Amino acid sequence: MGFFESTENGFSTFFSYYYSSLMSSGTDFLLKPVFLRGFSGSLHLVLLFGVFGSWVCQRFKMGNREGSKERFRRTRSLYHKQTLICSMGVCVFSLVLCLLNYFYWYRNGWSDEELVTLLDLALRTLAWGAVCVYLFNLGRPKYPFLLRVFWGLYLLISFYDLVIDVVLYRKHVNLPVQYLVSDVVSVVTGLFLCYVGFLGENEGEDAILEEPLLNGDSNASNESESNKSKGDENVTPYSNAGFFSILTFSWLGPLISAGTKKTLDLEDVPQLDPSDSVFVGYPSFRNKIEAECGTISGVTTLKLVKALISMAWKEIILTAIFCMMYTMASYVGPYLIDTFVQYLNGRRNFKNEGYVLVSVFFSAKLVECLTQRHWYFRVQQVGIRVKSVLIAMIYNKGLTLSCQSKQVHTSGEIINFMTVDAERVGDFGWYMHEIWMILVQIVFALLILYKNLGLASIAAFLATVLVMLANVPLGAVLEKFQDKIMESKDKRMKVTSEILRNMRILKLQGWEMKFLSKIMELRKIEAGWLKNFLYTNAMSSFLFWGAPTFVSVVSFGACILMGIPLESGKILSALATFRILQEPIYNLPDTISMMVQTKVSLDRIASFLRLADLQSDVIERLPRGSSDTAIEIIDGNFSWDLSSSNQTLKDINFKVQHGMRVAVCGTVGSGKSSLLSCMLGEVPKISGTVKLCGTKAYVAQSPWIQSGTIEQNILFGKEMEREKYEWILEVCSLKKDLEILSFGDQTLIGERGINLSGGQKQRVQIARALYQDADIYLFDDPFSAVDAHTGSHIFKECLLGVLSSKTVIYITHQVEFLPAADLIFVMKDGRVTQAGKYNDILNSGTDFMELVGAHEKALLALDSVEAGSVSESTSMSKEFGNISSTNWVAQRQENTDVETGKTDDTVGTKGQIIQDEEREKGKVGFSVYWKYITMTYRGILVPFILLGQVLFQLLQIGSNYWMAWATPISKDMKPAVSSSTLMIVYVALAIGSSFCVLLRSMLLAVAGYKTATQLFSKMHYCIFRAPMSFFDATPSGRILNRASTDQSAVDLNIQYQVATFAFSSIQLLGIIAVMSQVAWQQYYIPSARELARLVGVCKAPLIQHFSETISGSTTIRSFDEESRFRETNMKLTDTNSRPKFNIAGAMEWLCFRLDMLSSITFVFSLIFLVSIPEGVIDPGVAGLAVTYGLNLNTLQSWVIWNICQMENKIISVERILQYTSIPSEPPLVIEENRPDQSWPSLGEIDIRNLQVRYGPHMPFVLRGLTCTLPGEMKTGIVGRTGSGKSTLIQALFRIVEPAVGQIKIDGINISLIGLHDLRSRLSIIPQDPTMFEGSVRSNLDPLEEYTDKQIWEALDKCQLGDEIRKKDGKLDSTVSESGENWSVGQRQLVCLGRVLLKKSKLLVLDEATASVDTATDTLIQETLSQHFSNCTVITIAHRITSVIDSDMVLLLNNDSPNLGAGLIEEYDSPARLLENKSSSFSQLVAEYTFRSNSS
């Protein structure tokens, strides 16, 4: 053919020449559709046979290669999924075209050409369906050669068909438009398949090499390792995803796919992209703040907002562009509806106008779908970044807060800043563009309305403005209520946090229900504001759901008044416009409410960041080794409260050389701990100079232990040096303790060291300090919590041995440790009254003489007991003969028998006290939803709420249908009803629908409020009635997370989420649920649900770490470990963000696919409307269907989004319900077993075969104790740290229930009476002195049972009366959180005051005087002897002088080779035990006396 030579004449010449050549040569059949469709059908038939033959061969071969099948199953070709989707698309497209043509030609008759076309389409459908099945089961790394050849031929034929279509079109030959559409689709898909088949081979092979590494399945033995590293090392595929993958969210496919096969765990969730990580975001954010404000303390809300915007400005602009494109695309539909209705009515402007309209509708939908999905994803991404940097900022601020600032905000409040406020600011991204977008949407809407309704659009504009203005007062009221809710929530969280920390003391005292009522009172105030907020919100909901109807009534009314003719096309266009305008107006209350809440949160965060930090210039740090002086203070004046005229430390002047040992002593409250704190830079300086040279380590008086293993606590961020570590364990006497613990130094310590004794905690602290190898050591009374033997050992080995060359400053109340010091400071009233060596100051002043005198007096008492007469001990032994040494052999034998039965101790992770947080797995059970909706009035409101919504929907659809039916299609048609009837019916329907909304909104507010209140009450009651073991094993962060974040969701979100799901489902009815059931529920929900649960689980460690950091900030700063803790916080923040980021992506992954599905459905319905003959369907009703169809994708996405959000949010209810089913303690009162009012009258305690452990998987701590503690006598319990002394007391108070055996008090088995009856009749001064925020009065008498006179008497008896009279508020003097503005010794005296008020017959002193000096200890002992002379007093003490005057001594052992741990080694009177010089008690006393005398 000669036309190939003339290509230079251009493309058009080529077509015309080609056509004429064909015609002239008699080959015109090549241009006929019959030939084209017939050839295409034949090719597809060959393909069908080829695929079938290939499949048969493959099945035959596979029998011999079963093993290799599995190996190849994972080696997919490049773009395998996309190829599969493309093939499926061609198959579906061919099927739809086939059906449309069939129905159309069936009505209008057949021709040969049409039959061949139908046959071609049917064969295409079958062939491409077979290709889909083949590709799905493809087990090879490359596509088969024949398949790729077919794709090449398919592209050539499709291109040839398209060329012929263009040629015929230019020659004005009439062609059905379906041919053109079909050929364009075929060329596009052919190009993609050829690219994949021929050009993508190399990339495909690379993908094969990577795939097994990604899956981690290449070797079963490596599975666990790969799983661990998967989440920790793999960065999200989003980082390296291509354009197509990002566009369609395909990068999330592997994670969602994994979620369908197994329950997702944190290690399955990949790491964040570096740009989303707080490690990248925070430094730049901090720099921006500092550039703007100078320092963090100068930040204002405006500057904080500026910094946040400048951090995310690129994303803000990008999302704004997406938002604008989405808005424009969404108005294309309403704009064209009138044209579409007129087209259906027969008015044609040009040929194929219907198909052009369909193409424009589809393109607009496509743009709308893509821009909305990426807009939503990006704002969530920004939200995660913003939340992360704010959390980091709040955390870092918490680490540097001054003491005064901490009194302004407690740890509970600071946790609220992090869990509620930072989250809320992060969530604001959703609403960021709503404000300006509403204005843009209104402008577009008015333009469309003006086109359709003319001047009546002005009325629509005024009505819209009126609706907007109604927001202003509502917004102001909502802001006020939101403020109050947050304020009252802060107060409640503050109290909850403090109560959880001190739950043990509340249970010991029997006060837990009183403190629960305190929380309930605070919740009542919060609930009052919540009720106002919800009801106001319901009113705003009523106004705004009615707003679009109101605007349309005003618009159509104006049309009638102005005489503007109403046509159904114009009305439908207006209704579609109102429907789009409805969304921003619906969202307006939410947007305003969210803006209000965000502003409140930003104000709160900014005010917190402005709080004063610790003074940075308190200490002048000298370079290490630059001076002989380690610490020097010149003219130092310090005060914890700068506003107070009473200074804490006055006129401090001293110099400590390197290598010196300095002791600090003085009475309770003299300023000893404050002196150490000023050396650490913790106390605000008024004047003077503090110089410090070298690194420092600090041991606090109240031990601060982190959750984690013992090893982690000792290393404290340092590298493990095994030899040094083992040596330090030996020095701190920790080796034996670790042998007892099931997991040794890998034992997980509970929150605040809950599963260690006081002495063990103190020794772990000392080991931590020693491991740091610092230059200067500051010890705040480290020997008070350990027994005499251990105290001597540590003093000798640590202070005199390991630290002999270091500078050591130690506070002590034990006079025997003073002579070893090179320098002693004696303190009184905040001044150093004496300073010098022991012998030098002994005679130079009275203060030191008083301390030493009290100690010597206690020693004399000890000597007199040792020299006590034999006759006394004989008479004692007669009185308690049943416990004498003859029976002791039997007792020992019994104990040994118990010891041999210990082999069942659980080993494995179950043995750890702290277990990983429990999370439900799999689908959220229907029972959770059922409990939630039936909690209020047994669910009776639910049908009425649903009825309100159903009626609203029916009336809405009715009013729209009425307007479409009652108005003419064009001007020349007669209206079906008069204008007045048209408007009266429309207004009546509108008013009816508005009242349905009002009913529904108010009932929803009532149901939500009542349910939230009931859930709160149930959860808190169950928590307060939980046994102590629950609090030991549950970090308070987990409980606080539920009490703040989850409760907040229940208060403000979940009722709307559940309701919105129900409402949107009613709107959508069943069609889409059926269509997309398989697509989303089976595939998406499992992953999203587990990710949502992971968010909840990952949040608790973040809160926990934050809470621990705030309480241990002094220790952290003293070790200069701030940067490590900041890094840990950032890691935990990123860990929390990982599932959130993937939830955001997964949501858009799903919605994108649903949008595409609904858009395709919509387009096919439009093609159907365009293709059917004119007059078959009423154009008005068809137009109404299209207006609803325009909303199909939005509505479908909304339903699915709500289902998913509801599943995610309902997890908060699930988590709260978890805590409403905690196993409870035994009843507080058992009516049929109530003891007499006078019980216990004697106070005799009979213990029989008592075996106690802290949990079914924990080892026994007490292993079969049997003894009788006589009534109205004093019994001392001694033993080395960890021997079970405190456990015995806990068993007495039933904090732990005996596993075996029983305890009787005056003949009554304490296990058979109510807990409140037991605990309220006993008194205890606990080992950790506890005070609560409030006043002195509320701390001494929380149950408000005593008069002021009685309280003052108790205070005088416990030596605190004069101290409190000095204070301005007297009994109403403030006590800060945990009593931090009182010294530990003073707190101990307050605990004594409580006991003196209560006057119980049975008193327990658990290390009651550990934190006071010897003089005060003697006074306390005298006070107790005087007021409890006829009571049973049980004393646990490490000071021998505190138990030596007891009537009986019980010595527990924890390391005897014969007895093991938690057993009685000796029990007799002190005199009798001291007679036997080989007894353990004698050795203990001898050691104490020797240590004291050597001093």
Side-chain angles (χ1 to χ4, degrees), residues 508 873 875-885 887-888 890-892 894-895 1235 1239-1252 1261-1279 1283-1296 1298 1301-1311 1313 1318-1319 1321-1327 1395 1400-1408 1421 1424-1425 1428-1437 1442-1453 1462-1473 1479-1481:
L508 286 168
S873 63
S875 63
M876 265 305 219
S877 65
K878 279 178 187 166
E879 200 175 335
F880 302 109
N882 62 321
I883 321 162
S884 65
S885 36
N887 283 357
W888 198 243
Q891 169 66 21
R892 284 196 175 201
E894 187 184 314
N895 285 343
W1239 180 86
S1241 53
L1242 183 63
E1244 182 180 88
I1245 301 170
D1246 188 24
I1247 300 171
R1248 287 279 164 259
N1249 188 25
L1250 184 68
Q1251 297 180 42
V1252 175
V1261 182
L1262 299 178
R1263 299 177 179 276
L1265 264 61
T1266 300
C1267 63
T1268 302
L1269 308 185
E1272 298 187 351
M1273 287 201 181
K1274 196 174 173 187
T1275 303
I1277 301 178
V1278 290
S1283 59
K1285 304 184 295 294
S1286 292
T1287 303
L1288 177 57
I1289 300 308
Q1290 291 192 63
L1292 183 64
F1293 281 82
R1294 287 177 65 197
I1295 294 293
V1296 264
Q1302 61 181 22
I1303 301 175
K1304 288 184 176 179
I1305 299 178
D1306 286 357
I1308 291 181
N1309 184 344
I1310 62 168
S1311 296
I1313 62 172
L1318 169 69
R1319 291 168 185 169
R1321 309 291 176 89
L1322 312 180
S1323 286
I1324 184 167
I1325 303 179
Q1327 190 170 3
V1395 164
S1400 298
K1401 188 71 182 173
L1402 204 155
L1403 169 65
V1404 176
L1405 307 173
D1406 187 357
E1407 293 293 348
Q1421 296 300 339
L1424 291 172
S1425 303
F1428 292 91
S1429 54
N1430 61 344
C1431 299
T1432 303
V1433 179
I1434 299 169
T1435 307
I1436 293 177
S1442 300
V1443 292
I1444 202 70
D1445 62 340
S1446 302
D1447 300 307
M1448 300 291 286
V1449 169
L1450 174 68
L1451 194 143
L1452 294 176
N1453 201 309
L1463 295 161
I1464 298 173
E1465 185 172 344
E1466 294 170 358
Y1467 180 41
D1468 217 323
S1469 68
R1472 179 114 177 219
L1473 289 171
S1479 74
S1480 298
F1481 185 68

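Model, not experiment: these values are computed from the prediction. We're numbering straight along the sequence, starting at 1.
- No donor-acceptor pair under 3.5 Å is formed between the side chain of Asn1309 and the backbone N or O of Lys1304.
- A distance of 12.5 Å separates CD1 in Ile1308 from CD in Gln1302, rounded to the nearest 0.5 Å.
- Side chains of Thr1266 and Asn1249: no donor on one and acceptor on the other come within 3.5 Å.
- Between Phe1293 and Ile1324 the shortest heavy-atom distance is CZ-CB, 3.7 Å.
- Two residues are said to be in side-chain contact when any heavy atoms from C-beta on lie closer than 4.5 Å; Leu1452 and Ile1464 meet this criterion.
- Under the side chain to side chain contact (heavy atoms under 4.5 Å, CB included) criterion, Gln1290 pairs with Arg504, Tyr1254, Ile1295, Val1296, sequence neighbours left out.
- Ser1400 pairs by the side-chain hydrogen bond (donor to acceptor under 3.5 Å, both in side chains) definition with Ser1323, not counting sequence neighbours.
- When the side-chain hydrogen bond (donor to acceptor under 3.5 Å, both in side chains) test is applied to Asn1430, no partner is found at least two apart in sequence or on another chain.
- Here the side chains of Met1448 and Ile1434 are not in contact, with every heavy-atom distance at 4.5 Å or above.
- Using modelled atom types, one side-chain atom of Ser1469 and one backbone atom of Arg1472 make a donor-acceptor pair closer than 3.5 Å.
- Ile1289 CD1 to Leu1322 CG: the interatomic distance, rounded to the nearest 0.5 Å, is 10.0 Å.
- Annotation for Trp1239 and Asp1306: closest pair NE1-CB, 3.8 Å, computed over non-hydrogen atoms.
- Interatomic distance, Arg1319 CZ to Leu1292 CG, rounded to the nearest 0.5 Å: 11.0 Å.
- For Glu1272, the salt bridge (Lys or Arg N to Asp or Glu O under 4.0 Å) partners two or more places apart in sequence, or in a different chain, are Lys1401.
- Distance check: Ile1305 CD1 to Leu1242 CG gives 11.0 Å after rounding to the nearest 0.5 Å.
- Closest heavy-atom contact between Pro1298 and Val1252: CA-CG2, 4.2 Å.
- Looking at residues two or more places apart in sequence or on another chain, you find a side chain to side chain contact (heavy atoms under 4.5 Å, CB included) between Ile1247 and Ile1245, Leu1250, Leu1265, Cys1267, Leu1288, Ile1303.
- Here OG1 of Thr1275 is found 7.0 Å from CG of Asp1447. Values are rounded to the nearest 0.5 Å.
- To the nearest 0.5 Å, atom CG of residue Leu1405 and atom OG1 of residue Thr1435 are 4.5 Å apart.
- Residues passing the salt bridge (Lys or Arg N to Asp or Glu O under 4.0 Å) test with Arg1294 are Glu1297, sequence neighbours excluded.
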